[in-house]
Amino acid sequence: MVSFGGPERPEDVLPFLENVVRGRGVPRERLLEVEAHYQGFGGVSPINQQCRELVSALEKVVDVPVYWGNRNWHPYLADTVRQMAADGVRHAAAFATAATSSYSSCRQYIEDIARATAEVPDAPRLVKLRHFYDHPGFIAAMADHTWGALAEVGADARLVFTAHSVPLSMAAASGPGGGAYEAELRAASALVAKAVGADDFDLVWQSRSGPPQVPWLEPDVCDHLEKLRREGTEAVVLVPIGFVSDHMEVKYDLDTEAAAKADELGMLLARAGTAGTHPRFVSMIKELMAEPEPVPCPATCCVIGSGRPARTPATG
Ligand SMILES: CC1=C(CCC(=O)O)c2cc3nc(cc4[nH]c(cc5[nH]c(cc1n2)c(C)c5CCC(=O)O)c(CCC(=O)O)c4C)C(CCC(=O)O)=C3C
Ligand SMILES: [Fe+2]
């Protein structure tokens, strides 16, 4: 299992954030703002514990050892790969805890897997499993949790799906033909909406980062709540379709920020759980492992700026 990683002690928050944004052009003010979100939760991101729980759940249903390593914090993927090599593992399925195509949700995982296996002598071959945004197991888990949230605020609540915003340049370059990030999230949202019998839904974005002059996917979830309220919507179910566990982006950006916005607007709001350790999500991973080895993405897939001529700098 290859995941994002997160800090578990206050003193680890800033070094973790610096790992995440290295070379990504995120302004320092944004970083310090996000640091405060983490410190507000005692410096502990829930993501690592959620990974441990998913590993335990998976160990109960598969008959091979399960290892876990992260891209941005301990346990680092390279250390995990080193342990696997020491244990004599030669070949492994890599399940990344991200369902869609894009640089952030796919290519960066591929790059980090390649770096970790290159760094370790006699590393096992890691084969990344395919994307699962439309897998019936993922959809069933999300639909189940969406039912639960609808039961809290009423079956006629507006369904609002949310995912991590990304720069428009990243969204455009996602997947082999481009535009896959949004298209996959929309497809997943439509499947969940259909499963709970909703005729209509919205897909909006959260957790925007980066410099303000760079365009990212919009609308933002909080702006969208304001718009819905103006139009007379009284109850909303937020479905974090772009994430697989209730980590910090969910706990802060939805359960803290969006919940406060809904309060301010006098709107009823419930947030559907993420896939987490839902039994259908866990069995999905086992099913993916049993599929024929996926064909690797083309080398330019999800690479920002790929497929277009290189930009020549302007010469006044
Ligand atoms: C598409 C996507 C996913 C979903 C796919 C997947 O799950 O992988 C995701 C997940 C996550 N993002 C997370 C945390 C962060 N993401 C950041 C920054 C960024 N994310 C981006 C995109 C995504 N991110 C982008 C385009 C940036 C800008 C910098 C860059 O271009 O790379 C920053 C920097 C500070 C900030 O600016 O927000 C942090 C701390 C955590 C961990 C939460 C926890 O600790 O519990 C998780 C699971
Ligand atoms: Fe890809």
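Computation of the quantities below employed the complete heavy-atom set of this structure, encompassing side-chain atoms and omitting hydrogens, waters and symmetry-equivalent molecules. Every number for a ligand or one of its atoms is a count from 1 in the order of the listing.
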Checklist line | Residues which pass salt bridge (Lys or Arg N to Asp or Glu O under 4.0 Å) with Asp63, listed by chain and number, not counting sequence neighbours | finding: none
Checklist line | Non-neighbouring partners of Lys251 that pass salt bridge (Lys or Arg N to Asp or Glu O under 4.0 Å), sequence neighbours left out | finding: Asp255
Tabulated below should be the N or O atoms of ligand 1 paired with protein N or O atoms at under 3.5 Å; can you produce that?
| residue | atom | partner | partner atom | Å |
| --- | --- | --- | --- | --- |
| ligand 1 | 8 (O) | Tyr109 | OH | 2.6 |
| ligand 1 | 20 (N) | His164 | NE2 | 3.2 |
| ligand 1 | 24 (N) | His164 | NE2 | 3.4 |
| ligand 1 | 31 (O) | Arg24 | NE | 2.9 |
| ligand 1 | 31 (O) | Arg24 | NH2 | 3.0 |
| ligand 1 | 32 (O) | Arg24 | NE | 2.9 |
| ligand 1 | 37 (O) | Arg30 | NE | 3.0 |
| ligand 1 | 37 (O) | Ser209 | OG | 2.5 |
| ligand 1 | 38 (O) | Arg30 | NE | 3.3 |
| ligand 1 | 38 (O) | Arg30 | NH2 | 2.7 |
| ligand 1 | 45 (O) | Tyr38 | OH | 2.6 |
| ligand 1 | 45 (O) | Ser45 | OG | 2.9 |
| ligand 1 | 46 (O) | Ser45 | OG | 2.6 |
| ligand 1 | 46 (O) | Met248 | N | 2.7 |

Notebook entry, point to check: Would Met267 and Arg158 satisfy side chain to side chain contact (heavy atoms under 4.5 Å, CB included), going step by step from the backbone distance to the final call?
Noted result: CA-CA 11 Å; Met267 259 173 140; Arg158 180 85 190 159; over 6 Å; no
Note to self: So that I can tick it off, tell me whether Arg52 and Glu8 are bridged by a salt bridge, with the cut-off set at under 4.0 angstrom between side-chain N and carboxylate O.
What the structure shows: yes
N/O donor to acceptor pairs below 3.5 angstrom from side-chain atoms of residues 161-168, sequence neighbours left out:
| residue | atom | partner | partner atom | Å |
| --- | --- | --- | --- | --- |
| Thr162 | OG1 | Gln206 | OE1 | 2.6 |
| His164 | NE2 | Glu249 | OE2 | 3.0 |
| Ser165 | OG | Leu217 | N | 3.2 |
| Ser165 | OG | Leu217 | O | 2.9 |

Item checked: Residue pair Ser189 / Arg186, side-chain donor-acceptor N/O under 3.5 Å -> no
